[in-house]
Amino acid sequence: MEKRSILAIGAHAGDMEITCGGVLIKAARAGTEVHMLHLSLGGRGHPRKSPAVYGPQKEEEARECARRIGATAHFLPYQDAEVPDSDEIKIAVANVIRQVQPATVITHWRSSMHPDHAAAHRVTDIGVLWAALEGMGQGPVWRGVQRVIFTENWEDPEGFTPYLYVDVTAERDAWREAVQAYELFRGGVYAFDYLGYYTALGKVRGAQIGVEWAQAFAVWPWAQRQRVDML
Ligand SMILES: [Zn+2]
């Protein structure tokens, strides 16, 4: 049987959940195996808690959020604001891809005001390639990635054009409940209203495709080609 797993790779715990958690919930409910890989915990992002306190808290929150989504959480040990663009992390990402064997890989868009997000994009891009090559990591090669798509993140707007829309009206409430496993998304950490922003964004994306609520992704320009046999 064809494998349909999804692997969402985020720079920080919370990035993938807040941007495409509804889509992940929908997939998990349909029986698709859903995995999330957090390259760092994002443990330096709290104005009043030290990384030594906030890092472990975010790991706990990531596990709880994954449980609510119906996904499995994986972690790499990189530090917040220090996600590298190195061969080491590309091999580590390739190894997780080989282990999880996803058909769909989701990550950040290529340009971002946050260097960790841009790094996550690059190491995922190379990781998918290296996972498919002999001698580039551990475990059997995996050539089954059929698409790599990019989430809509308020920090990654430059050049982002939504292309692939998923109707997740039925998953909106479960998404709101899942992401609130994070203190960050319950509010009070930053002035930025994450939950309000992404709830409203889903309303906008939904309106554009004629449904109540949707989450959208960018794709590579060469993935926008459509073949038809006749007009
Ligand atoms: Zn982030």
Side-chain angles (χ1 to χ4, degrees), residues 6-24 34-51 53-66 68-69 71 73-86 89-90 92-93 96 105-125 127 148-160 162 175-176 178-202 215-218:
I6 295 175
L7 173 61
I9 301 176
H12 313 109
D15 281 331
M16 290 296 117
E17 297 95 317
I18 195 73
T19 54
C20 69
V23 176
L24 300 180
V34 177
H35 297 266
M36 287 181 289
L37 172 62
H38 307 298
L39 302 181
S40 85
L41 293 170
R44 287 181 173 140
H46 200 298
R48 294 175 304 278
K49 290 181 181 173
S50 73
V53 171
Y54 191 47
Q57 177 187 324
K58 276 205 86 179
E59 183 172 343
E60 277 310 303
E61 291 170 341
R63 291 189 195 284
E64 173 58 20
C65 190
R68 294 181 190 181
I69 286 172
H74 306 257
F75 300 89
L76 288 181
Y78 295 95
Q79 294 299 314
D80 191 6
E82 293 180 35
V83 173
D85 184 359
S86 66
I89 188 171
K90 289 168 190 161
V93 168
V96 173
V105 171
I106 302 172
T107 190
H108 294 269
W109 180 235
R110 68 178 168 218
S111 59
S112 175
M113 65 177 91
H114 201 308
D116 285 353
H117 291 192
H121 175 94
R122 288 195 298 275
V123 303
T124 299
D125 192 29
V148 182
I149 60 176
F150 312 106
T151 57
E152 183 161 25
N153 190 303
W154 81 275
E155 291 172 295
D156 313 345
E158 212 57 54
F160 183 96
W175 165 82
R176 285 177 61 91
V179 298
Q180 289 183 80
Y182 286 99
E183 182 189 3
L184 183 64
F185 302 142
R186 291 194 298 272
V189 176
Y190 286 128
F192 189 85
D193 177 8
Y194 287 91
L195 200 57
Y197 178 92
Y198 286 100
T199 301
L201 182 63
Q215 291 180 322
F217 302 86

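Remember, predicted model here, so these are calculated numbers, not experimental data. Just follow the structure's listing: the first ligand is 1, and inside any ligand the first atom is 1. Computed from heavy atoms alone, side chains included, the values below leave out hydrogens, waters and symmetry copies.
Using a 3.5 Å distance cut-off with no hydrogens or angles, the side chains of His74 and His35 do pair a donor with an acceptor. Side-chain polar atoms of Glu183 and Gln57 form a donor-acceptor pair below 3.5 angstrom.
Here salt bridge (Lys or Arg N to Asp or Glu O under 4.0 Å) pairs that include residues 74-86, with residues two or more places apart or in two chains, are Arg44-Glu82, Asp85-Lys90, Asp85-Arg122.
Of all protein atoms, those of element N, O or S that lie under 2.8 Å from the Zn ion (ligand 1) number 4.
Under the 30°/60° scheme for interplanar angles, the aromatic rings of His117 and His114 are found to lie parallel. Ring geometry for His121 against Trp109 counts as perpendicular: the plane angle is over 60°, on a 0 to 90° scale with 30° as the lower cut. The aromatic rings of Phe192 and Trp154 lie parallel to each other, with less than 30° between the two planes, well short of the 60° mark.
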